Amino acid sequence: MDNSRLTQLRAEMKQRGIDVYVVPTADFHESEYVGEYFRAREFLTGFTGSAGTAVVTADKAGLWTDGRYFIQAAAQLAGSGFELYKMGEEGVPEIPKFLEDELPQGGVLGFDGRVVNCKLAEKFQEAVEKKNGSLYVTEDLVDRIWTGRPAMACTKTWILTDEYSGESAVSKLNRIREKMAGEKADYHIVASLYDIAWILNLRADDIENVPVFLSFLLIAKETATLFIQPEAVDETVTAYLADCGVTVDSYWNVYDAVTKLPGDAALLMNRKVVNYRMASALPESVTVIDKDDPSELMKAVKNETELANTRKAHLRDGVAMTKFMYWLKTNVGKIPMDEYSVGCYLDSLRAQQEHFLDLSFADICAYGPNAAMMHYEATAEEKSELRPEGMLLVDSGGHYLEGTTDITRTFVLGPITPKMRLHYTTVLRCNLALAHVKFLYGCGGLSMDVVCRGPLWEMGLDYRCGTGHGVGHILNVHEGPNGFRYKIVPERNDSGRFEAGMITTDEPGVYLEGEYGIRIENELICVKDEKNEYGQFMKFENITYCPIDLDGVDPELMSAREKKQLNDYHKMVYEKIAPFLTDEERAWLKVYTRAI
């Protein structure tokens with residue numbers, strides 16, 4: 001893209017005396033993925049990835065993003081006037097340090113205070129104070145130059161009944177109030193869309209592939225108020241909320257409502273999520289208790305209904321994925337195929353499954369070198385043709401009434417090199433190692449990630465992302481506080497202790513720029529194992545039911561234990577999936593789940 005938008009933004013900055021302007025990837029709720037209205041950073045830079053922050057000065061423009069997007073960002077930023085800053089790489093400054101270096105004495109730093117959380121704004125403030133500068137946070141400057149900006153999403157909410165949620169909204173609100181009492185809080189403001197949807201057992205479609213609705217929830221000791229766009233709730237939902245003790249107010253009234261909190265009130269809120277404008281609107285005498293939302297851990301630990309339903313969702317999803325694998329491997333080279341068309345075919349198979357609601361994220365269907373870009377997305381206009389050679393990586397998932405799925409398979413389409421086979425088998429070994437780890441209660445992902453990466457590290461290889469993330473229940477496909485990562489990355493919020501009932505992905509990979517990418521991903525439920533004098537041992541239950549392509553495996557590189565683990569997994573896949581297939585598909589599945 002050209003840099004005319006950058007020129008226009010600088011003109012708006014100059015008019016207001018702003019020296020540095022920050023445009024994050026965020027809505028008013030710190031959502032990971034945002035609706036079209038909130039894609040200001042994408043509009044400005046041309047970079048379409050889900051994570052990144054743009055920083056603009058009078059003569060510099062930078063885009064900070066993480067290792068998932070280095071290759072993609074470098075390509076998309078060409079001609080935009082923005083330089084890529086690779087987060088976490090040696091010599092690359094963090095944004096607050098860059099702000100401190102670039103802001104002149106007495107300078108002005110600008111950003112929209114509604115799309116920057118309190119914790120991040122605090123870091124920005126510290127950088128500004130070192131230069132005796134000031135903040136300009138009352139205006140969205142990108143909005144001034146964004147002609148034809150999409151409207152803010154407003155979709156109808158619907159009720160997720162107890163047979164699918166496993167717990168009523170009243171019960172959840174009562175549990176949260178117990179936590180509030182423990183913190184001596186009079187009020188609790190919830191800004192996370194995922195948490196609000198979970199607490200109230202409501203869903204909508206305000207973010208593509210994320211069934212949430214734009215809202216804030218203010219919980220008091222005996223009452224609660226949902227601030228939401230009026231058009232999003234009908235009479236049925238309003239009556240349901242009233243029965244739960246929740247009143248409805250306009251979305252935009254929340255900023256005024258917090259100014260009217262009693263001066264002696266204690267407010268529980270997560271400053272990593274609540275936006276800077278809202279926090280600034282609080283009366284100075286209000287005591288802020290800065291803690292994670294109690295609902296975050298509650299929703300991460302799935303109840304028995306959610307777990308049972310999620311297994312059903314994976315069974316349906318496994319049928320769709322297995323049928324797709326059969327179709328792909330028996331037709332590649334015989335009929336025209338490209339990344340986009342096969343992704344659409346997979347989507348159609350999911351849509352045929354009972355209780356299917358939506359995709360849980362946009363398909364990543366990447367052939368050959370494209371698979372080295374972890375979050376590559378083919379389009380109808382830009383896609384690669386598939387040939388009966390090499391490998392195709394497909395990362396996909398669905399929302400069903402019973403739960404949410406996320407699965408990656410790398411399919412061998414024809415002849416592959418010995419190096420590809422070595423890397424494929426090693427990724428498989430990494431996946432199996434994590435799926436079968438046994439650990440004492442108290443461990444987090446930091447304790448177990450090395451177990452997974454070990455075979456790759458022994459080869460001097462790694463991947464620039466976490467190994468796994470929590471999965472929401474008909475919510476966001478990336479959920480904290482559980483995850484697998486060998487180092488703490490505060491903004492990812494995935495270093496929590498593992499509890500029985502948490503669902504986490506297991507997805508190691510190899511990504512060689514210009515060559516290929518390999519990823520194998522299953523979902524795991526954390527469950528209790530034996531308890532003895534050393535404490536409570538824990539393990540994982542694998543709930544993803546789809547073959548791992550044996551055409552990429554070199555059994556000679558695997559131990560007897562690893563072969564048994566793979567064979568046991570494939571035996572389970574066959575038993576669960578075979579009854580839902582045609583005779584021809586079933587015979588094919590027997591071959592692709594054979595013991596090695």
Side-chain angles (χ1 to χ4, degrees), residues 162-167 171-172 175 178-179 182 198 292 294-315 318 402-407 430-452 454 466-475 477-486 493-508 521-545 561-562 564-566 568-569 571-573 575-576:
D162 291 358
E163 65 183 299
Y164 297 112
S165 68
E167 183 182 10
S171 173
K172 292 175 180 180
R175 285 207 284 153
E178 290 176 4
K179 294 293 184 181
W198 180 84
D292 291 342
S295 50
E296 179 185 59
L297 181 58
M298 292 177 186
K299 68 180 170 62
V301 179
K302 276 59 179 176
N303 59 50
E304 288 303 318
T305 298
E306 289 173 317
L307 292 174
N309 281 334
T310 298
R311 293 184 186 98
K312 294 177 184 177
H314 275 279
L315 182 59
E402 289 80 8
T404 295
T405 69
D406 184 3
I407 175 175
C430 293
N431 176 282
L432 292 170
L434 182 55
H436 292 86
V437 69
K438 183 175 178 176
F439 60 99
L440 274 168
Y441 176 75
C443 285
L446 290 169
S447 305
M448 290 175 276
D449 193 39
V450 175
V451 173
C452 185
T467 294
H469 54 83
V471 180
H473 187 74
I474 324 175
L475 284 169
V477 77
H478 296 154
E479 178 182 83
N482 47 306
F484 297 112
R485 193 181 299 269
Y486 72 91
N493 186 34
D494 57 3
S495 302
R497 180 175 60 197
F498 273 83
E499 304 282 352
M502 286 179 166
I503 299 177
T504 318
T505 64
D506 170 7
E507 47 181 312
E521 174 188 19
N522 287 340
E523 285 186 31
L524 311 174
I525 297 177
C526 181
V527 298
K528 291 182 178 180
D529 197 22
E530 67 189 274
K531 186 176 183 179
N532 57 29
E533 68 269 28
Y534 301 108
Q536 177 67 61
F537 281 90
M538 314 291 286
K539 62 181 180 179
F540 294 114
E541 173 194 344
N542 199 328
I543 57 169
T544 298
Y545 316 125
R561 182 171 184 265
E562 291 167 338
K564 183 179 186 306
Q565 290 169 348
L566 179 60
D568 288 346
Y569 173 73
K571 182 174 183 291
M572 176 186 70
V573 168
E575 291 173 350
K576 289 185 175 294

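In this chain, residues are counted from 1 in sequence order. Predicted, not measured: the structure shown is a model, and the values here were computed from it.
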Original post:
Less than 4.5 Å apart, any side-chain heavy atom of Glu296 and any of Asn493?
Top reply: yes
Original post:
How close do Pro481 and Ala300 get, heavy atom to heavy atom, and via which atoms?
Top reply: CD-CB, 3.7 Å
Subject >> Close side-chain approach of Thr305 to Glu163, heavy-atom, < 4.5 Å >> reply: no
Subject >> Check: Ile407 and Tyr545 side chains under 4.5 Å, non-hydrogen atoms >> reply: no
Original post:
What heavy-atom pair brings Asn431 and Pro508 nearest, and what distance separates the two atoms?
Top reply: N-CG, 3.6 Å
Subject >> 4.5 Å side-chain heavy-atom contact, Asp568 and Lys564 >> reply: yes
Subject >> Closest heavy-atom pair and its distance - Thr310, Thr404 >> reply: CG2-O, 4.4 Å
**OP:** Would you tell me whether His314 and Glu402 have side-chain atoms, one donor and one acceptor, within less than 3.5 Å of each other?
**Re:** no
**OP:** List the steps, then state whether side-chain contact (heavy atoms from CB on, under 4.5 Å) holds for Lys302 with Ile525.
**Re:** CA-CA 9 Å; Lys302 276 59 179 176; Ile525 297 177; over 6 Å; no
Original post:
Between the side chain of Asn303 and the main-chain N/O of Ser165, is any donor-acceptor distance below 3.5 Å?
Top reply: yes
Subject >> Heavy-atom closest contact (Cys526 atom, Phe540 atom, distance) >> reply: CA-CD2, 3.8 Å
Original post:
Side-chain donor-acceptor pair under 3.5 Å between Thr505 and Asp406, yes or no?
Top reply: no
Original post:
Would you say the side chain of Leu307 lies within less than 4.5 Å of the side chain of Ile503, judging by non-hydrogen atoms?
Top reply: yes
Subject >> Nearest atoms (heavy-atom pairs only) where Arg485 meets Gly466 >> reply: NH1-N, 3.3 Å
**OP:** Just do the side-chain contact (heavy atoms from CB on, under 4.5 Å) check on Ser295 and Trp198 with the steps written out, would you?
**Re:** CA-CA 8 Å; Ser295 50; Trp198 180 84; 4.1 Å; yes
**OP:** Using the salt bridge (charged side-chain N to carboxylate O under 4.0 Å, His left out) rule, pick out the option among Glu306, Glu167, Glu479 that qualifies with Lys299.
**Re:** Glu479
Original post:
Rounded to the nearest 0.5 Å, how far does CG of Leu432 lie from CZ of Arg561?
Top reply: 9.5 Å
Subject >> Point-to-point distance, once rounded to the nearest 0.5 Å, from CD of Glu499 to CE of Met298 >> reply: 12.5 Å
Subject >> Point-to-point distance, once rounded to the nearest 0.5 Å, from CZ of Phe484 to CG of Leu524 >> reply: 6.0 Å
**OP:** Evaluate the side-chain proximity of Met502 to Leu297: yes if any heavy-atom separation is below 4.5 Å, no if none is.
**Re:** yes
Original post:
Tell me, do Lys528 and Met538 make a side-chain contact under 4.5 Å, heavy atoms counted?
Top reply: yes
Original post:
Met448 versus Cys443: any side-chain heavy-atom pair under 4.5 Å?
Top reply: yes
Original post:
How many angstroms lie between atom SG of Cys430 and atom CD of Glu507, to the nearest 0.5 angstrom?
Top reply: 13.0 Å
**OP:** For the pair Tyr441 and Arg497, evaluate side-chain contact (heavy atoms from CB on, under 4.5 Å) and give the outcome as yes or no after the intermediate values.
**Re:** CA-CA 8 Å; Tyr441 176 75; Arg497 180 175 60 197; 3.1 Å; yes
Original post:
For Thr504, which of Asn482, Thr467, Asp494, Asn522 qualifies under side chain to side chain donor-acceptor pair (under 3.5 Å)?
Top reply: Asn482
Original post:
Closest heavy-atom contact between Asn542 and Met572?
Top reply: O-CE, 3.9 Å
